[in-house]
There are 2 protein chains.
Amino acid sequence: MGRKPTGRPTSFDIAYAAGVSQPTVSRALRGDRSVSEKTREKIKQIARDLNYTVDKNASSLRSQRSNTIALLFFEDPTPDESMINPFFLAMLGSITKATADEGLDLLISFQRMEDDWHVRYQDSHRADGLILLGYGDYTQYRERMDQLSRQGTHVARWGSVSSDSSGVTVGTDNVQAGRLAGEHLVEQGRRKIAFLGHADEHYPEFNGRYRGLVSALADAGIEADEGLQFDALTTEEEGFSAARSLIESGREFDAIFAASDLIAIGAMRALAEAGRSVPEDVAIVGFDDIPAASMTTPPLTTVMQDIKRAGQVLVEALLAQIEGRDLPPRKLPGKLIVRGSSVTS
Amino acid sequence: MGRKPTGRPTSFDIAYAAGVSQPTVSRALRGDRSVSEKTREKIKQIARDLNYTVDKNASSLRSQRSNTIALLFFEDPTPDESMINPFFLAMLGSITKATADEGLDLLISFQRMEDDWHVRYQDSHRADGLILLGYGDYTQYRERMDQLSRQGTHVARWGSVSSDSSGVTVGTDNVQAGRLAGEHLVEQGRRKIAFLGHADEHYPEFNGRYRGLVSALADAGIEADEGLQFDALTTEEEGFSAARSLIESGREFDAIFAASDLIAIGAMRALAEAGRSVPEDVAIVGFDDIPAASMTTPPLTTVMQDIKRAGQVLVEALLAQIEGRDLPPRKLPGKLIVRGSSVTS
DNA sequence: AAAACAACAGTGAACGTTCACAGTTTGAAA
DNA sequence: TTTCAAACTGTGAACGTTCACTGTTGTTTT
């Protein structure tokens, strides 16, 4: 019959060997229930014997579904290309796992927003949807996100959860998480708690953490001192210089809540240079629980985001959107990991 | 003409608008030189206006080339899923960049070797070739690798470079790199240098580093003491316990060369607990230059692998193989990064 | 006993490209 | 002028699936 001398077998070859029509092979392997158990098994066996695999391109072309999603990073570009924020790497692991569990393939790209992502990925039918991952001032991307949504691009974003942005968003409940840190420090008897990290609305995640801290203080009857907040992006250097500014400001403080672990690590270096001991003089709490957090001296107390769950929820939300049912934004709770940097023994 | 009510435009729509035939559109956008400059520009403009993108699936199906490669990790599974070896994450960044530069898409998977990779990726035409990344006892995979090669799967592997394994291999010159570490420690006046890491042939990378150390010692007229080698896989815990064993063995040593930074970090913890100071009592050199290496106290001297180059070379080698021209294995030189853990000021 | 319905399998077309080849025009060489 | 190749563009088919129907059984209902 229609067998060709080419190497790779096609569904026609399987069909011929099984004595059925080619579409039946397709149905059988796809698990369509309109194929009898008997012929399905036979077909599967033959497919295995002949080392046959469904051609992904043909399948995607015909069905208009690639079963692939694209993971895009839009982190503020760091000078050192290879230095990716460890938190996102953990997210990457989690998302990889979640997609694999759903039988999806995962494309990744670190390209920046200037590129036309929807064109490159979804419009070209490479992927059925996009997951966006990134810190930074994402407000500049909001318009773009809205545009994507309007064009029918399916997007799930990790980040600050707010109702005003389009597309599905999944993120840690930063306010609750910030409150955790604040409550912990208050419990440790700290009263003058500094915050290192941008706290304005351009950085809604950091902003939420700050608000959580403030509200925890308020609950304890302490008024937050706005002069103890110092801007910092999420790098070790920025943490270092923010802590320097804090120290040089001459203001009194007995604790630091850093908006990220990298900031915290930079701050610890600054404190060490200034001769302030951790946790005796200054208790410190970070955010993210990156691997390095447990390796500092003393080990860093931090707020862990539920990364494992995050990947699942992102993928779940994206799939829902692709299939037409929209899910509401999801907030995941943070969890406090107490280590040596915040408790005096 | 053949325009459909569907949303996405096809090359037919472009062709109609441009007044040419559909294949001409395909040729023009693909950069085929047999289309006149004038019509090409016109077609490109119209394509831009109509927001047209070439359908990846149709293109791949017809041309039998997906312009996609799959990156597969076969690291020894860690209990904690989300904890990926930082070194590989850096490699991931580098490979992402290299593929993007070549206009390739990158699929990634952390699944383990048990799965039929070639079936899942290359045979199904998802990808044109595979890049394999992983530490660990890869000898168990060698047979599998050979099989893949025989089946016509295109594979480039990162790891120990030896001529006996099939497929293209790219890796750091571990012997040279180990020698760098050894020479450095000798220069610092160290004589009794311990090695932490598996040194047998099942771990060819660690083994190469050990051989490099031994040869550097030999060049300096020092005989290596085999009793100072202690097994360790590349985790912080294993580094810690290997260092414990070393200390408890009662043997004298004034330096440690750890086969990886994680091992080194674990070893530093063990040394601290035992009251030995770094670098005064014990100089220590790691391997990989992971981000955490610069954050330890003292900062860790280490051997950096040329990760940026590694990604390029891997992709280059894989493409060559796909296109039928086989490249020889490539060794990349390591580079010593001197920090505080190995020099007494 | 006829009609109606599952359950299953086959037929032809369609998805949107790229490929191989066959035309057409143009300008230069004979 | 005639000839021929180069430079372009068009035609028809092919890549390997999945989709929408149609057809065939065998079983159940009225």
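These numbers come from a predicted model, not from an experiment. Residue numbers start from 1 in every chain, and the chains themselves are labelled A, B, ... in the order their sequence lines are given, proteins ahead of strands.
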Item to check | Residue list, side-chain contact (heavy atoms from CB on, under 4.5 Å) with A:Arg48, at least two apart or on another chain | outcome: A:Lys44, A:Gln45
Checklist entry - Which heavy-atom pair separates B:Leu332 from B:Ala310 by the least distance, and what is that distance? => result CD1-CA, 3.6 Å
Pairwise N/O distances under 3.5 Å, protein to nucleotides 21-24 of chain C:
none

Checklist outcome for this item: Closest to the side chain of B:Gln64, out of C:dT17, D:dG16, D:dT9, is D:dG16
Checklist entry - Would you say the side chains of B:Arg126 and B:Ser124 form a donor-acceptor pair under 3.5 Å? => result yes
Checklist entry - When you check the phosphate oxygens OP1 and OP2 of C:dT17, does a side-chain N or O of B:Ser11 lie under 4.0 Å from one of them? => result yes
Checklist entry - How many Å lie between CD on A:Gln22 and P on C:dG10, as a whole number? => result 11 Å
Item to check | Dot-bracket notation for DNA chain C, counting Watson-Crick and G-U pairs under 3.5 Å, with | for partners on another strand | outcome: ||||||||||||||||||||||||||||||
Item to check | Length of the CZ-C1' vector between B:Arg8 and C:dG16, whole Å | outcome: 9 Å
Item to check | Pairwise 5' ranking along DNA chain C for A:Arg33 and A:Pro23, keeping only the more 5' one | outcome: A:Arg33
Checklist entry - Nearest of D:dG10, C:dT17, D:dT17 to any side-chain atom of A:Thr10? => result D:dT17
Checklist outcome for this item: Winner on side-chain proximity to A:Ser36, out of C:dC8, D:dT17, D:dC19, is C:dC8
Checklist entry - Which whole-number value in Å describes the distance from A:Asp55 CG to C:dC15 P? => result 18 Å
Checklist outcome for this item: Against the side chain of A:Ala58, the closest entry in D:dG10, D:dT17, C:dT17 is D:dT17
Checklist outcome for this item: Distance col, row A:Gln305:CD vs A:Ser94:OG, nearest 0.5 angstrom, shows 11.5 Å
Next on the checklist: Rounded to the nearest 0.5 Å, what separates atom CG in B:Leu107 from atom CG in A:Asp105?
Outcome noted: 5.0 Å
Checklist entry - Could you state the CZ-C1' distance from A:Phe12 to C:dG12, rounded to the nearest angstrom? => result 11 Å
Item to check | Euclidean distance, atom CZ of residue A:Arg65 to atom C1' of C:dA14 [Å, nearest integer] | outcome: 20 Å
Next on the checklist: The criterion is side-chain contact (heavy atoms from CB on, under 4.5 Å); which residues satisfy it with A:Lys42, sequence neighbours excluded?
Outcome noted: A:Ile46
Next on the checklist: If you only use heavy atoms from C-beta on, which nucleotide in D:dG16, D:dT17, C:dT17 is closest to the side chain of A:Ser59?
Outcome noted: D:dT17
Checklist entry - Can you tell me how far C1' of C:dT17 sits from CZ of A:Arg62, to the nearest Å? => result 15 Å
Item to check | Between C:dT17 (C1') and B:Asp32 (CG): distance, integer Å | outcome: 14 Å
Item to check | Results of side-chain contact (heavy atoms from CB on, under 4.5 Å) for B:Ala58 - residues two or more places apart only | outcome: A:Leu61, B:Asp55
Item to check | Inter-residue atom distance B:Ser21.OG - B:Arg27.CZ, 0.5 Å rounding | outcome: 6.0 Å
Item to check | Euclidean distance, atom CG of residue B:Asn57 to atom P of D:dT17 [Å, nearest integer] | outcome: 14 Å
Checklist entry - Using a heavy-atom distance cut-off of less than 4.0 Å, which residues of residues 37-46 of chain A contact DNA chain C? => result A:Thr39
